[in-house]
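Before any comments, here is the structure.
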Amino acid sequence: MGLWRGIVLLLAFMIIGRGEGKLVKNFYSSSCPNVESIVQQAVSTKFSQTFTTIPATLRLFFHDCFVEGCDASIMIASPNNDAEKDAQDNISLAGDGFDTVIKAKQAVEQACPGKVSCADILAIAARDVVVLAGGPSFSVELGRRDGLISQASLVAGNLPEPTFNLNQLNTIFAKNNLSQNDMIALSGAHTLGFSHCSRFSNRLYSFSSSSPVDPSLNSTYAQQLEGECPQNVDPNIAVTLDPVTPQTFDNVYYQNLVGGMGLLTSDQVLYTDPTSQPTVVDFANNPGDFNRAFIRAMRKLGRVGVKTGNDGEIRTDCTAFNS
């Protein structure tokens with residue numbers, strides 16, 4: 001009886017182990033012990049060249065994890081322009097994010113060739129840019145492999161859109177095992193970075209038949225945005241998501257929402273919807289609550305769709321499959 005029970009437990013353990021793709025904090029302790037400091041150095045060097053490194057790298061991590069899982073499939077460059085990065089929702093990803101990961105990978109390859117995945121390098125770099133912008137530090141779970149698929153056709157419908165309401169946001173985050181609390185905390189990444197006029201111009205000029213301007217917009221802020229994004233403006237013109245402290249990772253994003261200064265519909269709805277409003281108010285008043293929720297949500301995000309073993313590979317070049 002004891003032997004049979006042992007076999008059942010062993011089988012159960014094997015099934016759980018295979019299904020979960022377990023990540024651990026010190027995955028490279030023997031194979032590449034300095035990986036985190038090597039990545040951090042590369043990220044710092046890139047940041048010294050341009051601030052865009054910070055929002056670009058963080059956004060790259062989100063977009064990677066939400067489609068094929070955190071497997072660096074976003075990094076693949078296709079000669080036919082049909083990889084994940086070529087999808088309509090990913091065309092606006094800034095090149096500096098890709099460059100950060102490529103540079104970090106090159107540095108890691110020199111020290112530990114063939115040991116560290118691009119997916120793990122992106123996860124480490126995403127944490128490092130948060131810290132560089134004054135945000136909280138946290139340990140990153142590692143052990144991901146790089147994905148073997150990258151297709152533009154898989155992207156549509158798998159990323160949150162700037163026009164989403166709370167229900168739509170919750171649905172797309174729940175698909176990735178992220179709660180409403182996680183979603184609101186991860187939206188706090190909009191304390192950094194920018195968005196293009198085309199993503200929110202409907203809130204200024206064509207909101208509804210009774211009101212061209214979205215009434216949830218602070219009127220002074222709406223006038224400021226109209227100045228930055230006049231009608232028929234160049235679609236490449238970008239505006240900071242947090243007009244108050246655009247280069248600092250802090251909780252001012254939530255204070256902006258309380259004041260009617262969320263840039264995107266999907267930002268402001270977090271405050272206007274009574275279901276999510278209490279969390280926004282909490283994060284606006286308590287930076288510690290926001291930081292803790294953000295760290296927890298980043299860890300959960302980092303586990304989405306993780307590939308391990310033969311489900312993935314360790315790419316030599318982040319932009320191309322090995323074979």
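Computation of the quantities below employed the complete heavy-atom set of this structure, encompassing side-chain atoms and omitting hydrogens, waters and symmetry-equivalent molecules. We count residues from 1, following the sequence as given. None of the values given here were measured: they were computed from a predicted structure.
The backbone N or O of T248 sits less than 3.5 Å from a side-chain atom of T191, completing a donor-acceptor pair. In terms of modelled atom types and a separation under 3.5 Å, the side chain of E68 and the main chain of G147 share no donor-acceptor contact. With hydrogens and angles disregarded, no donor-acceptor distance shorter than 3.5 Å links the side chain of N256 to the backbone of D242. The backbone N or O of S211 sits less than 3.5 Å from a side-chain atom of S208, completing a donor-acceptor pair. Without hydrogens or angle criteria, S37 side chain to N34 main chain gives a donor-acceptor distance under 3.5 Å. Under a 3.5 Å cut-off, the side chain of D99 and the backbone N or O of D96 do not form any donor-acceptor pair. Without hydrogens or angle criteria, N80 side chain to D82 main chain gives no donor-acceptor distance under 3.5 Å. Not a single donor-acceptor pair under 3.5 Å links the side chain of K115 to the backbone N or O of V108. Judged by distance alone, the side chain of N176 and the main-chain N or O of V304 form no donor-acceptor pair under 3.5 Å. Side-chain atoms of N322 come within 3.5 Å of backbone atoms of I314 as a donor-acceptor pair (strictly under, hydrogens ignored).
Residues P287 and D250 fail the side-chain proximity criterion, which asks for heavy atoms closer than 4.5 Å. Side-chain atoms of Q247 and I54, non-hydrogen and from C-beta on, never get closer than 4.5 Å to each other. The shortest distance between side-chain heavy atoms of Y253 and D267 falls below 4.5 Å. Contact check for D71 versus D146: no side-chain heavy atoms found under the 4.5 Å cut-off. Taking the side chain as every heavy atom from C-beta outward, T275 and Q180 approach each other to under 4.5 Å. Between Y271 and V281, the closest side-chain pair of non-hydrogen atoms falls below 4.5 Å. Between I74 and V67, every side-chain heavy-atom pair lies at or beyond the 4.5 Å cut-off. A heavy-atom distance below 4.5 Å is found between the side chains of M298 and F61.
Hydrophobic cluster of F194: no remaining members, since no ILVMFWY side chain lies below 4.5 Å from it.
Taking hydrophobic clusters as Ile, Leu, Val, Met, Phe, Trp and Tyr residues chained together by side-chain heavy-atom distances below 4.5 Å, Y221 shares a cluster with Y205. Clustering ILVMFWY residues whenever any of their side-chain heavy atoms sit less than 4.5 angstrom apart, transitively, puts I184 in the very cluster that holds L186. I149 is not connected to I76 by any chain of hydrophobic side-chain contacts under 4.5 Å among Ile, Leu, Val, Met, Phe, Trp and Tyr, and they are in different clusters. Hydrophobic clustering, with ILVMFWY side chains joined whenever heavy atoms are under 4.5 angstrom apart, keeps L217 apart from Y254. No continuous path of hydrophobic side-chain contacts links L178 to V306 [ILVMFWY only; heavy atoms under 4.5 Å].
Under the 3.5 Å distance criterion, with hydrogens and angles disregarded, a donor-acceptor pair is assigned to the side chains of D182 and S179. Side chains of D128 and Q40: a donor-acceptor N/O pair is absent below 3.5 angstrom, by distance only. Judged purely by distance below 3.5 Å, without hydrogens or angles, the side chains of Y28 and D120 pair a donor atom with an acceptor atom. Using a 3.5 Å distance cut-off with no hydrogens or angles, the side chains of R299 and S139 do pair a donor with an acceptor.
With sequence neighbours left out, I102 forms a side chain to side chain contact (heavy atoms under 4.5 Å, CB included) with M75, Q106, T319.
Atom OG of S117 sits about 11.5 Å away from atom NZ of K307, to the nearest 0.5 Å. One finds the OG atom of S44 at 5.0 Å from the CG atom of L132 (value rounded to the nearest 0.5 Å). Expressed to the nearest 0.5 Å, how far SG of C32 lies from CG of L142 amounts to 10.5 Å. Summarising the geometry, atom NZ belonging to K22 is positioned 7.0 Å from atom CD belonging to E141; distances are rounded to the nearest 0.5 Å. Taken to the nearest 0.5 Å, the CD1 atom of I172 stands 4.5 Å off from the CZ atom of F164. Going from atom CG of L169 over to atom CD of E161 covers 10.5 Å, rounded to the nearest 0.5 Å.
Across all their heavy atoms, D64 and A72 have their closest contact at OD2-N, 2.8 Å. Nearest heavy-atom pair, M183 versus N170, reported as atom, atom and distance to 0.1 Å: CE-OD1, 3.4 Å. For the pair A152 and A83, the tightest heavy-atom approach, listed with the atom from each and the gap, is CB-O, 3.2 Å. Nearest heavy-atom pair across F173 and P160 is CE1-CG, 4.1 Å. Heavy atoms only, all atoms of each residue included: A126 and L58 are closest at O-CD1, 3.9 Å. Taking all atoms of both residues into account, the shortest heavy-atom contact from P136 to F138 is O-CD2, 3.6 Å.
Between F249 and F290, the two ring planes are parallel [angle under 30°; tilted spans 30° to 60°].
A side chain to side chain donor-acceptor pair (under 3.5 Å) with N90 is found for one member of K85, E84, H63, R59 and no other, namely H63. For the side chain to side chain contact (heavy atoms under 4.5 Å, CB included) test with I121, the passing option among I38, V116, V43 is V116; the others fail. Among the candidates V269, V280, T272, the single residue satisfying the side chain to side chain contact (heavy atoms under 4.5 Å, CB included) test with L257 is V280.
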Next on the checklist: Could you walk me through whether V129 and V131 satisfy the side chain to side chain contact (heavy atoms under 4.5 Å, CB included) test, starting with their C-alpha distance in whole Å, then the side-chain angles of each, then the deciding distance to 0.1 Å, before giving a yes or no?
Outcome noted: CA-CA 5 Å; V129 295; V131 175; over 6 Å; no
Next on the checklist: Is there a side chain to side chain contact (heavy atoms under 4.5 Å, CB included) between L204 and D214? Walk through the geometry before answering.
Outcome noted: CA-CA 6 Å; L204 301 173; D214 182 344; over 6 Å; no
Checklist entry - V130 and R127: side chain to side chain contact (heavy atoms under 4.5 Å, CB included), yes or no, with the steps? => result CA-CA 5 Å; V130 169; R127 183 269 317 273; 5.8 Å; no
Checklist entry - Would H190 and L264 satisfy side chain to side chain contact (heavy atoms under 4.5 Å, CB included), going step by step from the backbone distance to the final call? => result CA-CA 10 Å; H190 283 179; L264 308 176; 3.9 Å; yes
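Applying the 6.0 Å contact sphere to CG of N232 captures no more than 12 heavy atoms from other residues, nucleotides or ligands. Heavy atoms from other residues, nucleotides or ligands lying under 6.0 Å from CG of N165 number more than 12.
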